[in-house]
Amino acid sequence: MQPTRVLQGLKYRKLRLTTKDVNKGFYKGNRTGSMGTHTSYGTYKIDYSKVRTYVCPDLTGFKLTPFVSKTIRPVHDQFPGDKLGPRNPTTYLARWKSENGLD
C-alpha cells in the first residue's frame with residue numbers, strides 16, 4: 001500500500017497544512033496562545049498569569065515630539081451670515097482656490 005500520487009510529489013509536501021488536509025482534531029490556530037481555559041459550563045475562565053502585559057518606560061526627558069506642536073489650538077470655522085455654513089459650495093471653492101494658489 002502506497003500513498004496517492006499527489007501526496008508523493010515533493011511540491012505538496014512543502015506546503016503548509018490546512019484544516020482540509022488532515023482529519024478531525026487538527027486546529028491550526030492563529031499564534032495568539034491561550035489566555036485561559038474553557039469550563040464545562042460553556043464559559044471561558046481567564047488565567048491572568050497568561051495574559052500579556054506591556055510596561056511603558058518612564059518618558060520624562062524624552063526628546064522625540066509629536067508631529068503636531070502642543071501650542072496649536074484647534075480652530076473651528078465661523079461663518080457669520082451664511083445659512084449653509086461649511087456646506088456652502090461657493091465658500092468651499094473660494095477657500096480651495098486660496099489654499100491651492102489659484103486665487
How long is the gap from CG on Asp82 to OG1 on Thr90, to the nearest 0.5 Å?
-> 7.0 Å
Heavy-atom closest pair, residues Val51 and Met35 | CA-SD, 3.6 Å
Do side-chain atoms of Asn100 reach the backbone of Trp96 as a donor and acceptor pair under 3.5 angstrom?
-> yes
Can you run down the salt bridge (charged side-chain N to carboxylate O under 4.0 Å, His left out) pairs that involve residues 48-61, sequence neighbours left out, and say none if there aren't any?
-> none
Take atom OH in Tyr44; do more than 12 heavy atoms of anything else shown fall under 6.0 Å from it?
-> yes
Kindly state each residue pair satisfying salt bridge (charged side-chain N to carboxylate O under 4.0 Å, His left out) with at least one member in residues 85-95, sequence neighbours excluded.
-> Asp77-Arg95, Arg95-Glu99
